[in-house]
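Step one of this worksheet: look at the structure below.
Labels below follow one simple rule: chain letters A, B, ... track the order of the sequence lines, proteins then strands, and each chain is numbered from 1. As a basis for the values below, the full set of heavy atoms in this structure was taken, side chains included, without hydrogen atoms, waters or symmetry mates.
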Amino acid sequence: MMNRFIRRIQRFKGWIGAAAALCIFYGLYLGLLDSPPDYYQGEVVRIMYVHVPLAHTALLAYGTLFVGSLWYLWKRDVLVDNMCHAAAGITAAFTILALITGAIWAKPTWNTWWTWDPKLVSFAVLLLIASGYLMLRTFVEDPDKEGRYAAVMAIVGGIDLPIIYFSAEWWRTLHQPLSISMRGVSMSGDILLPLAIMSLGLNLLFIYMLMIRTQMLYLTNLLEAKKGRLLSHAHLSHTSS
Amino acid sequence: MWTKGKKTSLILSLVLVAGALGYLALGNFGENLVYFVTPSEVRAFSPEQSQKKIRVAGMVVKKSIKTQADPVGLTFELTDGEATIPVVFQGIPPDLFKEGQGAVAEGHWQADKVFHSKMIMAKHSEDYMPIEMKRAGIKLPKKDFMKTLSP
Amino acid sequence: MTGFYLRWAGVIVIVGILALLTSQHYEKHLSSVSPDMVVTGNDSKTTLRVQGMVKSGSLTGNPEDGHAAFELLGASNSLKVQYEGPPPENLRELKTLILIGQWDAENKLFQARETALVTNYGYVASAYIVALLALIAFVFSMSRNVTFLYQEIKESKIYEPELGP
């Protein structure tokens with residue numbers, strides 16, 4: 001029998017996807033049409049409504065990978081391993097997009113596409129860690145070893161998360177300090193709203209993507225196990241339970 | 001299971017990640033990675049340090065910008081609250097370069113005690129609001145700019 | 001499978017409508033003309049948005065009180081400008097900006113009453129297009145993959161309980 005959890009995902013993922021789409025469309029409307037330009041940056045501030053949520057979602061995706069890896073080492077659940085693998089792919093996608101939109105925002109505001117600023121460097125390192133993780137998973141063939149090695153690597157790489165988040169507070173960077181912090185919220189309401197809606201939308205989209213990608217990896221493994229290409233005891237025991 | 005090609009690729013991916021983490025550990029945690037220096041530090045420079053191309057960050061002193069038509073450029077002063085240095089810039093400054101806002105200048109601190117630069121970047125603060133609010137004199141909470149220079 | 005493609009067609013249509021609305025909004029409220037076009041015109045009624053660079057050494061008056069005079073450079077012509085309005089947030093020499101006001105054809109003077117920053121809509125549009133298209137393509141390919149996998153599994157009857165070797 002197919003895993004109960006996978007079937008439950010198949011039943012509920014549509015709702016999450018619809019909610020994500022609604023939030024993103026409303027966020028786009030607010031961000032592109034309804035919100036005012038910033039006093040200092042003008043219209044370019046609108047790039048923030050897509051760049052910052054993308055970057056935050058990349059951190060959320062890696063956070064999921066980090067927690068999932070701990071969970072996998074503890075319980076050794078194949079489905080959790082598939083979820084970690086899925087989260088790593090999504091982390092890479094969101095990180096690339098955050099870097100690209102960040103470069104596009106940086107040119108008109110800072111006057112440079114890229115600079116060796118601690119926040120940029122630590123964010124690029126996140127992309128390296130995520131792609132290294134994905135490579136590791138491709139090259140190790142024993143599924144049990146693959147899961148264990150990958151989980152350990154993801155946990156060690158987790159050190160990058162606080163570095164990225166607080167780098168603009170800890171070190172000298174071209175980045176502005178955090179807008180939402182212990183100091184309070186240094187954004188007016190009509191600029192905060194599209195940012196919050198887009199963040200919510202992309203976070204929901206991440207959950208939706210995680211569901212689909214976990215399903216995808218699980219089903220691929222299941223098919224391969226069935227076809228006998230890969231003799232995964234774990235998967236076979238899952239299918240027989 | 002462990003063919004030769006796979007093993008090399010595996011080692012390669014591990015090296016990649018180890019390198020990334022090593023960079024974080026040694027580069028960022030150490031004192032090595034200093035994105036910019038402040039005007040006070042530039043003032044205290046020894047002659048050897050003046051040879052290197054550096055970035056200086058500070059606030060553009062109000063009423064200090066003076067433009068030149070030929071060659072196109074401008075002069076202004078950068079301050080960190082304690083020391084102030086004069087900057088000579090050649091070229092057209094970025095649109096968001098502004099008096100009373102942060103700027104990072106890339107160039108050389110020369111023997112004439114003037115910073116010569118051909119590249120400036122604008123360093124903006126973390127507050128965002130429409131122009132109407134700004135004109136109404138509303139101030140949003142933000143970190144003191146001088147403190148962002150040397151946290 | 002039809003339902004799957006229909007849903008995605010819906011997503012594409014909504015994205016298209018939003019893109020259209022945004023570009024219309026931009027054309028209507030935020031597009032600007034160059035100083036060269038203003039100088040040759042005689043229309044003094046319509047409010048214009050002119051984009052150009054403040055000429056080096058031409059700024060006089062007191063921008064902080066909202067009074068200033070300067071020249072705005074275009075590709076080949078420059079425009080004499082009189083600014084009267086709220087203190088402009090950033091008016092300085094060698095800056096490219098947008099002036100909102102009327103052209104006084106008799107005195108060959110542009111009467112500006114407001115400034116705005118260069119819109120840079122190309123940057124905004126490219127950031128959104130890159131991010132949205134990439135996300136849509138990523139989700140689409142994964143969803144299609146899952147749909148195919150389910151079909152394949154159904155065909156290979158993997159639903160039936162099966163024991164290991």
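- Residue with the most contacts toward chain C among Lys98(B), Gln101(B), Lys66(B): Lys98(B) (heavy-atom pairs, distance under 4.5 Å).
- In this structure, the portion of Lys134(B) lying under 4.5 Å from any heavy atom of chain C is its side chain and not its backbone.
- Separating the CD atom in Glu106(B) from the CE atom in Met119(B) is a distance of 5.5 Å, to the nearest 0.5 Å.
- The backbone N or O of Phe110(C) lies less than 3.5 Å from no partner atom in the side chain of Gln82(C), so there is not a single donor-acceptor pair.
- Using a 4.5 Å cut-off between heavy atoms, Leu97(C) does not touch chain B at all.
- Of the residues considered (Arg92(C), Met53(C), Lys95(C)), Arg92(C) shows the highest number of contacts with chain B, using heavy-atom pairs under 4.5 Å.
- For Phe115(B) and Phe89(B), the ring centers are positioned 6.0 Å apart or more.
- Residue contact with chain C, scored on non-hydrogen atoms closer than 4.5 Å, involves the backbone of Gln68(B) exclusively.
- Residues Leu72(C) and Val38(C) fail the side-chain proximity criterion, which asks for heavy atoms closer than 4.5 Å.
- Contact check on Glu114(C) versus Arg135(B) returns a salt bridge, with a Lys/Arg side-chain nitrogen under 4.0 Å from an Asp/Glu carboxylate oxygen.
- Interface remark: of the candidates Ile65(B), Asp95(B), Leu74(B), Asp95(B) forms the most heavy-atom pairs closer than 4.5 Å to chain C.
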